[in-house]
Every structure is written in structure tokens, then in C-alpha cells.
There are 2 protein chains.
Amino acid sequence: MVYQKTEKVKAKLSSKRKKIIEVTREILAENSYRETSIKAIATKAGIATGTFYLYFSNKDVLIDTMVEEMYQELLVEIKKERSKHSDIFDKLEASMQTCIKLFVKEENLAKIFLVKLPGINNAFNKKLAEIERDLIKLTKKDLDDLKGKGFLPEQDTLVSATAFVGTFRQVLISWLKEGEPRDLESAFQTLMQYNMRGLGKKG
Amino acid sequence: MVYQKTEKVKAKLSSKRKKIIEVTREILAENSYRETSIKAIATKAGIATGTFYLYFSNKDVLIDTMVEEMYQELLVEIKKERSKHSDIFDKLEASMQTCIKLFVKEENLAKIFLVKLPGINNAFNKKLAEIERDLIKLTKKDLDDLKGKGFLPEQDTLVSATAFVGTFRQVLISWLKEGEPRDLESAFQTLMQYNMRGLGKKG
DNA sequence: CCAAGAAATGAACTTGAATTCATTTTTAGG
DNA sequence: CCTAAAAATGAATTCAAGTTCATTTCTTGG
């Protein structure tokens with residue numbers, strides 16, 4: 001006979017899965033991929049190492065799943081904030097503001113995306129590249145829109161979008177690694193101005 | 001009795017050391033740190049695994065040495081090119097131009113600095129952070145100089161320098177990962193304009 | 001050419017982490 | 001409360017890479 005899971009058990013399984021992802025984020029943010037061992041994850045999640053494999057088929061699937069969930073978390077937030085505005089400049093600003101805010105709130109997410117993920121291996125490198133390309137394309141869309149409406153002068157919007165994202169990325173990395181700028185919110189203002197001038201915003 | 005090394009032997013030892021660093025660059029640029037095994041390095045360098053340890057005490061020392069040499073290679077080149085100009089804007093442009101040119105010429109150097117190194121482990125992360133901080137400080141010095149002479153409006157030059165470097169970094173990463181922009185030299189021009197506007201260059 | 005020192009070799013050893021699996025504990029439902 | 005399924009356990013296994021070392025090959029200088 002096949003047993004039905006009770007709600008209580010389903011909740012327990014689901015919360016355990018969440019816990020695994022949660023502690024993985026915490027550990028990976030502060031340690032290397034190698035140091036982020038299944039044993040360390042299991043211990044911190046309060047389970048046996050073998051139990052881990054009931055939830056994820058292997059370590060790479062875990063990281064992949066975690067990254068994908070983090071990215072979706074970011075996208076959902078961005079879309080929500082963008083929808084509050086109608087002006088494209090405001091939407092664009094909302095996108096960046098949202099990234100900054102989320103990265104400040106969930107520093108481990110920032111550390112994993114900006115610092116840890118790149119070097120793990122080729123597979124993750126590719127995944128990360130895809131995510132970055134997506135975010136740059138999102139930005140490019142706004143720039144194309146603005147250019148089409150005559151708010152920006154003629155320019156290679158792919159390069160501009162890449163540069164735009166790059167300024168934020170570099171400042172975030174510096175903030176993560178050096179703790180500078182101390183006040184990310186005020187740096188955000190400076191950066192928006194820098195980029196608006198860089199784009200040649202009219203008016 | 002202690003034997004003297006002949007010039008021929010010295011040259012052989014030195015070229016073997018160089019070869020090890022050279023193949024490490026090649027392998028690390030295309031593979032993960034883990035995949036960059038001593039065995040793979042030794043094989044490609046045409047030596048036995050044990051021989052490797054006659055040249056470097058361990059793997060981390062090898063990587064550290066390699067990174068340091070690559071960085072010095074970059075600095076020497078930058079200084080050489082900067083010295084050809086007297087105008088600060090020209091010096092600044094020369095710095096970035098030099099980075100781009102070297103990265104194009106030695107793509108494995110670019111891949112290692114921009115893509116691989118970040119995630120290896122904390123020690124290398126710190127080393128890389130130092131290098132990046134150095135380069136941003138170099139840029140900041142130029143900006144302070146320009147600001148002092150009234151060529152740039154009042155601004156937080158650390159944030160500007162970080163943003164400035166960030167635009168180049170992001171475009172380089174995109175170029176490495178996506179092959180876009182195809183023409184890095186022309187993207188360089190676009191980026192310089194973007195940043196000059198961003199900085200609020202007068203005239 | 002020879003003997004001792006230097007360099008090179010690669011199999012063997014060591015280490016540490018990923019994954020498996022026989023066993024135990026918990027849960028479902030009669 | 002009982003039994004079979006499900007979930008959890010953690011010691012044992014596997015695997016891969018870093019490092020060592022006894023042995024071999026090459027080099028120096030008499």
C-alpha cells in the first residue's frame with residue numbers, strides 16, 4: 001500500500017528543503033565551493049549527510065537550484081517595483097534600486113552572485129553568464145525605448161546597457177569586498193547621475 | 001663537492017619554470033581551478049608530476065606567483081603607455097587602452113583575472129581584491145587631479161573611479177563570455193565617451 | 001671515463017570530500 | 001497497536017587530486 005503524506009509531513013519535508021537551500025546560501029557566501037561541503041551543509045541544516053541526497057540528487061543540482069531560485073527572487077522583486085512607475089527612466093531607476101536594496105537586504109545573495117559563482121566551474125559560469133545577459137538585455141530594452149522616444153541620443157545601446165550595469169556591479173563588488181562605499185544608498189544616487197550623464201539624457 | 005650550474009642548465013631550468021606558468025595560464029583560463037590539476041599542468045608542460053614540486057612548493061604558490069607576474073606585466077605596460085602622454089585625460093585613456101589591448105592580446109590573462117580568480121578561494125579573492133583596489137586607486141588619482149585642475153565638477157571620485165573601471169570590466173566580461181561586442185576597439189571609444197560624459201568633462 | 005651531486009621520474013601514499021547503502025526510526029492507515 | 005512504507009541515519013565506499021619519495025637519469029668537473 002502507498003501511503004499519503006499528511007500536511008504536517010509535507011510541511012516538514014518542504015521546510016527541510018528550504019533549510020538546506022538557506023544554509024547553503026549562508027555557507028557558500030562565506031566560503032569556497034569546496035569548503036561548502038555536503039557534510040557542512042547537512043550539519044548546519046540539522047540532518048545527516050545521507051539525508052541530503054533524499055532532497056537533492058547531488059551537489060551541483062543543489063547549487064543550480066539555489067541560483068535559479070535566487071534569480072527568480074530578484075526578477076519578481078524587480079517586476080513588482082517597475083510596475084509602480086510609468087515613466088521609463090523611473091522604471092530603469094526602479095530596476096537598479098531594487099537590485100541594490102535586495103543585495104543589501106540579502107548580502108549572501110550578492111556575495112554568491114557577484115563573487116563566488118564565477119569561478120566554481122564552467123557550468124555555473126555559463127548559468128551566470130545567462131543571468132547577466134538577461135539583466136543587461138532588460139536594461140537595453142529600456143534604453144532602446146528611451147532612444148526611440150528621443151530621450152537619448154543615437155548610441156550603441158548594448159554597449160551602453162553593459163556599461164550601465166557594469167557601474168553598479170563594480171560598486172557593489174567594492175562594497176562587498178572593501179565595505180566601501182559605506183553608504184550604498186547615497187552611492188546609488190551618484191551612480192544614477194553618472195549613468196544618466198553617460199547616456200546623454202536630455203533635459 | 002657542490003657543482004656549478006652551467007648557463008645551459010640554468011636556461012633550461014628557467015625555461016621549464018616559465019613553461020609551467022605558461023601552461024597553467026592556458027589551462028586555468030579554460031577550466032576550473034579544480035580541473036587545473038598538477039597532473040594536467042605537468043603533462044602539458046612535458047614533465048612528470050613530481051618534477052613540478054621541484055619548481056613550486058605547491059599548487060597555491062604556483063597560482064599566486066602566476067597572478068603576481070600577470071599583474072606586474074599589466075602594470076609595466078600601463079606605466080609605459082602613460083609615460084607617452086602629458087595630458088591627464090590622455091594618460092587616463094592610455095591606462096584603459098592598455099588594459100584592453102593587453103587583454104585582447106593575452107586573452108587567457110583576461111579570463112583568469114575577470115572570470116576565474118574570483119571564486120577559487122578566500123586567499124585569491126583577497127589578492128584579486130587588492131589588485132582591483134590598486135587599479136581603481138590609480139584611476140581615482142587621475143580623477144582627483146582632473147578635479148583639482150577644474151576639468152571635472154565636484155564629485156565623489158572614489159565612486160566615479162569605481163564606476164569608470166566597472167564599465168570597462170563589464171564590457172570585457174561580456175566580450176569574453178559572449179563574444180559581444182565583436183569589435184572591442186570601437187566599443188572602447190564608445191565607453192570612453194560614456195565615461196567622459198558621466199564624469200561631466202567640461203568642453 | 002668516473003663518481004658524486006642535481007634533476008627528473010612516476011608509482012605510491014595521503015587526504016578529504018561526494019556519494020552510497022545496510023540499518024534504524026518515524027509515519028500512515030487499517 | 002501493528003505492519004509496511006517512507007524518511008533518516010552515518011559509517012563505509014569511492015574517487016580524484018595533492019604531495020612524497022625511492023629510484024633512475026643526467027650533469028659536473030676532475
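All values below were derived from every heavy atom in this structure, side-chain atoms included, with hydrogens, water molecules and symmetry-related copies excluded. Residue numbers start from 1 in every chain, and the chains themselves are labelled A, B, ... in the order their sequence lines are given, proteins ahead of strands.
Here B/K111 pairs with B/E107 in a salt bridge; the nearest charged N to carboxylate O distance falls below 4.0 Å. Taking the charged nitrogens against the carboxylate oxygens, A/D145 and A/K141 have no contact shorter than 4.0 Å, which rules out a salt bridge. Ion pair B/E81/B/K84 flagged as a salt bridge, since at least one NZ, NE, NH1 or NH2 atom sits closer than 4.0 Å to an Asp/Glu carboxylate oxygen.
Annotation: ring pair (Phe, Tyr, Trp, His ring centres under 6.0 Å) contacts of A/F103 (sequence neighbours excluded): none.
Here the side chain of B/E35 pairs a donor or acceptor atom with the backbone of B/S32 at under 3.5 angstrom. A/S174 contributes no side-chain N or O that, together with a main-chain N or O of A/Q170, makes up a donor-acceptor pair within less than 3.5 Å.
Contact annotation for A/F56: no contact, since no heavy-atom pair falls under 4.0 Å across all strands.
Axis angle, first five pairs versus last five pairs of the helix from C/dC1-D/dG30 to C/dG30-D/dC1: 10°, rounded to 10°.
To the nearest angstrom, C1' of D/dA5 lies 14 Å from CG of A/L54. Between the C1' atom of D/dA7 and the CD1 atom of A/I20 lies a distance of 12 Å, rounded to the nearest Å. In this entry the distance linking OH of B/Y55 with C1' of D/dT19 reads 18 Å, nearest Å. Atom P of nucleotide D/dT27 and atom CD of B/E7 are separated by 15 Å, given to the nearest angstrom.
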*Step-by-step side-chain hydrogen bond (donor to acceptor under 3.5 Å, both in side chains) determination, B/N125 to A/K177*: CA-CA 9 Å; B/N125 219 318; A/K177 289 189 180 174; 3.3 Å; yes
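In this structure, A/I100 and A/V104 have side chains that are in contact, with non-hydrogen atoms separated by less than 4.5 Å.
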*Take nucleotides 13-27 of chain C nucleotide by nucleotide from the 5' end and write B, S or -, depending on whether a protein heavy atom sits under 4.0 Å from the base, only from the sugar-phosphate, or from neither.*
----SSBB------S
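Residue order along DNA chain C, read from the 5' end via each residue's closest nucleotide, puts B/V2 first among B/I47 and B/V2.
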